[in-house]
Q: 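My questions all concern the structure below.
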There are 2 protein chains.
Amino acid sequence: MTEKDQNTEEKIKAAARDLFHQRGFDGTKTRDIAEAAGINLALMNYYFRSKKKLFDLIMMETIERFFQSVLDIIREEDDSMEQKIQKLTSHYITLLKQEPDLPVFILSEVRSNPSFIFDQVFKDNDVGQTPFFQFLRQSIGQDTSDPSHPAHILLNLISMIVFPFAAKPLIMYLLGLDEEQFHHMMDQRRELIPVWLHKLLPSDELPNLKNHEN
Amino acid sequence: MTEKDQNTEEKIKAAARDLFHQRGFDGTKTRDIAEAAGINLALMNYYFRSKKKLFDLIMMETIERFFQSVLDIIREEDDSMEQKIQKLTSHYITLLKQEPDLPVFILSEVRSNPSFIFDQVFKDNDVGQTPFFQFLRQSIGQDTSDPSHPAHILLNLISMIVFPFAAKPLIMYLLGLDEEQFHHMMDQRRELIPVWLHKLLPSDELPNLKNHEN
DNA sequence: TTTTGATTTAATCATTTGTTTAAATCAATT
DNA sequence: AATTGATTTAAACAAATGATTAAATCAAAA
């Protein structure tokens, strides 16, 4: 692996990542990747064996990058639940402003491949084994018709953060926004979502979400 | 157009709709459609000219079907805003429980084609020309940092309704739900979302969303 | 400088994929 | 029953697509 080779490999990965994120696996052609990376068609197979293997690599890196932050933020024991919510909201709005294609890419590729993608990524980092998620799953057994049930509240948090980016072109079209106005609205949601989430809870103490702090 | 012909045409459309909704345009092969419909490959071209034309037809019908209800519900002048919210929530949760593929299908196909899909559908029904959307667009010019700004509140409503279905496989995986538990949670959200939305507003009168009723 | 191994290229291959064609079949009318 | 037009079929085509090959190029080591 000389300097140039590494360079070529990275150029291919970067171009492939862009295209896969924008157009998905089926919508991306090997010749598109080669052209976007400025390399010979055969080099894609030389470095990554096949389109599918390249895709799997990028998919794994993408999922890992996307979900790693949840872990980091949730595990920080010095933060209160409110602080965690603020950090999650802020982090993901920043991320999605830069890469608005991520939600639809992940969701549309997950519908074909099922859980096996996540088994791969989550078994190493065991997101699911976090006290937070254990608490969540255990609470599923209980009455989920409670308006402040943790599963619903979490769903609402994720929905309010992610959906506007997933539906970005549609929202811009329907509300008649330009790129700048859209970003401005998302910046406002960075402050507003924690406020809204707080209103969804019965008291100031967030009794249903607090499980291992204060 | 004899009885049998109409039948064939409908069989093709039904099979194509299923496959396009599940796998998108690029992921659906003409031979898959033929096999699923139980017809000869050439009949797809005989009845619909090309895969693209068949797709465009189905896309238009799907979008129209999906958004027609918004219009019907929003335009009903005898309903208060709270009633409209209840009707919207209930209607779309019923629809998405039956067809959970719709959100990802629409969002992933819209990312390639831009607004031109909606121009087609919305110019006839002029969703955008509804007093509701005119009010919305006009209010964009004003201070959108207001926590109860209509654009944000509407975004939250749509997000809370649609996102859980868009992310259905992921949510089932992370929360460890089976199909029945997931549907049960969605049924609960039918009642809960209007309650939550109400909490996001400053007073009982929903001052920012009421524009042409009581 | 020569050698060696890695990298890059142009050309080609085999398969998949969307579409067409010409003949066969069917169903209604004469 | 024969005719007519619509529908269905099997076969084939051309282009697109993912992958491979053999030769050319390059860069470092001998």
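Residue numbers start from 1 in every chain, and the chains themselves are labelled A, B, ... in the order their sequence lines are given, proteins ahead of strands.
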Q: Closest nucleotide of DNA chain D for A/Asp26 versus for B/Leu43: which of these residues is on the 5' side?
A: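 Closer to the 5' end of DNA chain D: B/Leu43.
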Q: The criterion is side chain to side chain contact (heavy atoms under 4.5 Å, CB included); which residues satisfy it with B/Arg23, sequence neighbours excluded?
A: B/Leu19, B/Thr28, B/Asp32
Q: Rounded off to whole Å, could you give me the CZ-to-C1' distance for the A/Arg23 and D/dT17 pair?
A: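 Rounded to whole Å, this separation is 15 Å.
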Q: How many Å lie between CG on A/Leu19 and P on D/dT17, as a whole number?
A: 13 Å
Q: Which listed nucleotide (D/dT8, C/dT8, C/dT19) is nearest to the side chain of B/Tyr47?
A: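 Of the candidates, D/dT8 comes closest.
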Q: State whether a side-chain donor-acceptor pair under 3.5 Å links B/Thr94 with B/Arg190.
A: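 Note: B/Thr94 and B/Arg190 side chains meet the donor-acceptor criterion.
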Q: With nearest nucleotide decided by heavy atoms, which residue, B/Arg49 or A/Tyr46, maps closer to the 5′ end of DNA chain C?
A: A/Tyr46
Q: The criterion is ring-ring contact (aromatic ring centres under 6.0 Å, His included); which residues satisfy it with A/Phe20, sequence neighbours excluded?
A: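 ring-ring contact (aromatic ring centres under 6.0 Å, His included) check on A/Phe20 returns A/Phe55.
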Q: How long is the line joining CE of B/Met44 and P of C/dT21, in whole Å?
A: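 So the CE-P distance, B/Met44 to C/dT21, works out to 16 Å.
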Q: Side-chain donor-acceptor contacts of residues 164-177 of chain B below 3.5 Å, not counting sequence neighbours, with atom names and distances?
A:
from     : atom 1 : to       : atom 2 : distance (Å)
B/Lys168 : NZ     : B/Glu179 : OE2    : 2.7
B/Tyr173 : OH     : A/Asp119 : N      : 3.4
B/Tyr173 : OH     : A/Asp119 : OD1    : 2.7

Q: Holding to ring-ring contact (aromatic ring centres under 6.0 Å, His included), I want the full list of residues that pass it with A/Tyr92, two or more places apart in sequence or in another chain.
A: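 With sequence neighbours excluded, A/Tyr92 shows a ring-ring contact (aromatic ring centres under 6.0 Å, His included) to A/Phe66, given in chain and number order.
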Q: Name all residues meeting the ring-ring contact (aromatic ring centres under 6.0 Å, His included) criterion together with A/Phe105; count only those two or more places apart in sequence or in a different chain, and write none if there are none.
A: A/His21
Q: What integer distance in Å separates B/Asn45:CG from D/dC13:C1'?
A: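 Roughly 13 Å, once rounded to whole Å.
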Q: Pull out every residue in residues 28-40 of chain B that has a heavy atom closer than 4.0 Å to any atom of DNA chain C, ordered by number, or say none.
A: B/Thr28, B/Lys29, B/Thr30, B/Arg31
Q: I need the CG-C1' distance between A/Leu41 and D/dG18, as an integer number of Å.
A: 8 Å
